[in-house]
Structure formats: structure tokens, C-alpha cells
Amino acid sequence: MSEIKFEIDGIKVKAKKGETLLDAAQDAGIFIPTLCHHEKLEPFGGCRLCIVEVEVKGWTKLVVSCVYPVEKDIIVRTRSEKIDRIRKTIIELLMAHAPDAPELKKLAKEYGASRDRYEKDPSFCIHCGLCVRYCAEVKKANAIGFVDRGINKEICFVPEIASQMCNDCKECFPLCPTSYLQAAFVLTESLIA
Amino acid sequence: MEIDKVDKIIDKHGGDASSLLQIMLDVQSENNWLPKQALDRIGEKLEVPMNRIQHIATFYKAFSLVPKGRHNVHVCVGTACHVRGATRILDSVEESTGIKSGETDLDLKFSVETVNCLGCCALGPVVEVNGKVHGKMTPVKTSEALKLYE
Ligand code: SF4
Ligand code: FES
């Protein structure tokens with residue numbers, strides 16, 4: 001397979017065709033923050049935190065690195081004033097939903113985000129889809145899914161499957177960046193018991 | 001809804017998972033809502049997991065997971081109808097039917113829903129009942145029109 005050569009943060013890197021920018025950066029030891037990415041799961045591009053700047057022939061654009069395939073001769077910047085500002089806003093928006101999530105707190109510190117910038121809507125789930133996708137793609141159980149849409153979107157267990165399988169698995173619990181998932185399961189469990 | 005009716009709809013679409021949405025729409029229009037047994041059957045035959053079906057059924061406003069009334073009343077509250085007094089029309093609909101937007105009455109006569117533009121702003125304020133457009137409505141005309149439905 002042909003190798004693609006390009007540049008990330010001034011470092012020359014090589015990647016295979018079809019690989020994502022995020023994978024290439026991680027292989028080169030360059031850190032990009034992520035929330036909805038998981039190496040065992042298909043790229044999702046839900047949280048937008050992994051956003052980076054890509055320069056093609058002098059034109060700069062913003063792309064989401066976990067779903068963007070590598071291209072020849074591009075120049076990638078994973079940190080810049082603009083990127084940091086965007087990530088700060090993303091974190092602040094997510095914190096309106098999950099103000100005390102440890103992962104978000106850590107990110108907030110790094111990017112100087114304020115947890116109280118936006119009016120709180122403590123729905124706790126930040127729609128990263130890790131639980132839903134892990135259950136479907138890795139466990140092939142489909143015990144949990146999303147329902148509704150937009151600001152009303154939330155996770156929902158399928159009671160028939162959850163009552164059979166979830167107690168012995170619970171592998172999705174530690175994936176949740178806000179630990180809301182666990183609470184939702186405990187609730188479901190009490191309802192189906 | 002009887003299971004063979006569901007089966008018939010599934011067969012009509014070739015029983016393929018890519019026809020999921022179309023099958024759900026057909027069940028919705030034939031039965032006026034999506035009963036759990038019908039969804040279970042669709043999932044089983046099309047080999048689509050229930051979490052996907054749940055997501056779709058709750059994503060689109062066209063679907064209902066609870067029984068709907070015989071007459072669907074859509075009150076437009078889009079910008080043009082709003083400035084022409086849609087709020088008063090909605091009040092009148094709610095008063096005539098005894099239910100609020102998003103609800104269905106106990107006799108399953110009416111379901112009331114607000115919509116955000118039916119595409120005929122010149123006729124505003126607009127109320128649509130079972131797909132029939134009633135234009136240039138007034139509160140009195142609205143309650144009169146609703147009396148015609150059994
Ligand atoms: S419950 Fe947690 S893991 Fe699941 S989608 Fe929401 S934030 Fe992500
Ligand atoms: S990690 Fe790329 S969008 Fe979430």
C-alpha cells in the first residue's frame with residue numbers, strides 16, 4: 001500500500017492511505033484530545049474536540065481529525081490560538097450538561113474553560129455515543145440506543161435485552177466520560193426488576 | 001394491529017433492512033400508530049436491532065408510539081401564521097378539543113400537534129385536519145370546522 005507523507009506540528013509523518021489524521025498523529029506520538037473516539041470502534045466524529053487545522057496549498061481549514069483521512073503534503077496544526085479557542089468553547093458547552101465530569105474538568109483546566117459560561121442543562125449525557133456504539137459494534141448486543149433528537153436526545157436501554165445481558169457485562173460503564181450511563185442503567189434495572 | 005397485516009407490508013417491500021423506514025411509515029399510516037408487537041415483528045423479519053428501530057421511531061415526528069386520534073389536527077405556528085394570530089387559533093383548537101398540543105383525547109377522536117410551516121403562508125393562519133388545509137382561520141371558524149369531524 002502506498003505511503004502518504006505529510007506534516008503534523010512541524011514533524012514529518014507517514015501514514016497509510018485511508019488512515020485518519022488522529023491515528024497518524026497518535027502513531028507519531030502527537031497528542032490530540034478526544035472524547036468520543038475509541039480504537040475498537042468505527043470513527044464517529046460526535047464531540048468535535050479533536051478538531052485541528054489543515055493547510056492545503058496555502059488554504060487553511062478546520063477538520064475533525066478522528067474522521068478526516070490523511071492526504072499527501074498537507075500541513076496539520078493540532079494547537080493554535082484558534083484551535084484552542086474552539087476547544088475551549090466546546091468544553092464549555094459540554095460542561096453545561098455535565099459540569100462535574102472529571103474528564104471535562106481536566107480538559108477545562110488545560111484550555112482555560114469556565115464551567116459556568118453557559119446556562120446549565122444538566123442532562124449529563126454528552127452524546128458521545130461510546131456506550132451505544134460499544135454495545136453494538138463490540139458486544140453485538142444492541143442493548144442500549146439513543147432515542148429522540150436534538151436537545152431531547154438521550155440514551156435508552158432496551159429492557160428485554162438489558163435484563164438478560166447487562167448485569168454480566170457492564171463493559172460500557174467505564175467508557176462514559178460523565179458516568180451518567182451507570183446511573184441510567186441502575187434506573188433501568190430498578191424499573192425492570 | 002394484526003400481525004399478518006404487518007407481514008403483508010413487510011413483504012410488499014421485499015423484507016429488506018434498507019426498507020425499514022418505508023415499512024414503518026406504512027404501518028404508521030395504516031394503523032395510525034406503531035404498536036410494540038408490530039415493531040418487534042419488523043425487527044425480527046428485517047433483522048434490525050430494536051435500539052435502531054426505537055431511535056428511528058422517536059426521531060421522526062411522523063411516528064407515534066401511542067395510539068393517535070382519528071383526526072389529526074395540525075396548527076401552524078410558523079412565523080407567518082404566528083404574526084397573523086396562530087396563538088389564538090391554537091387556543092381555540094385546544095378549547096374545542098379539550099387537549100393540548102402533543103396530546104390525544106381519551107375517545108381517540110383528535111390528536112393536536114403544532115407545526116412550523118405548512119408552506120402556504122399566504123393562507124395563514126392555517127390549520128390542517130387530516131391533510132386538508134383550512135386557510136385564513138379565525139377562532140370562530142376553527143371551532144366551527146372542528147365540529148364537522150365525528
Ligand atoms: S451515557 Fe455516557 S457513554 Fe453513553 S452517550 Fe452519554 S456520555 Fe456517552
Ligand atoms: S474524538 Fe473526534 S469528534 Fe470526538
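Remember, predicted model here, so these are calculated numbers, not experimental data. Letters A, B, ... are given to chains in the order of the sequence lines, protein chains preceding strands, and every chain is numbered from 1.
In terms of hydrophobic clustering, with Ile, Leu, Val, Met, Phe, Trp and Tyr side chains grouped at heavy-atom distances under 4.5 Å, B/M24 and B/F59 are assigned to a common cluster. Under the 4.5 Å side-chain heavy-atom criterion for grouping Ile, Leu, Val, Met, Phe, Trp and Tyr, A/V54 is not connected to A/V64 through any hydrophobic cluster.
Taking 4.5 Å as the limit, some side-chain heavy atom of A/V158 sits within range of a side-chain heavy atom of B/Q54.
Counting non-hydrogen atoms of neighbouring residues, nucleotides and ligands closer than 6.0 angstrom, the NE2 atom of B/H82 reaches no more than 12 such neighbours. Within 6.0 Å of the CD atom in B/E95, the count of heavy atoms belonging to other residues, nucleotides or ligands does not exceed 12. Around atom NZ of B/K136, more than 12 heavy atoms belonging to other residues, nucleotides or ligands sit under 6.0 Å away.
Under the 3.5 Å distance criterion, the side-chain polar atoms of B/T58 are matched with a main-chain donor or acceptor of A/D148.
Distance CD/A/E160 to NZ/B/K36: 4.0 Å, rounded to 0.5 Å. In this structure, CE on B/M50 lies 11.0 Å from CG on A/N142, to the nearest 0.5 angstrom. Going from atom CZ of A/R149 over to atom OH of B/Y60 covers 8.5 Å, rounded to the nearest 0.5 Å. The CG atom of B/N51 sits 9.5 Å away from atom SG of A/C156, with the distance rounded to the nearest 0.5 Å.
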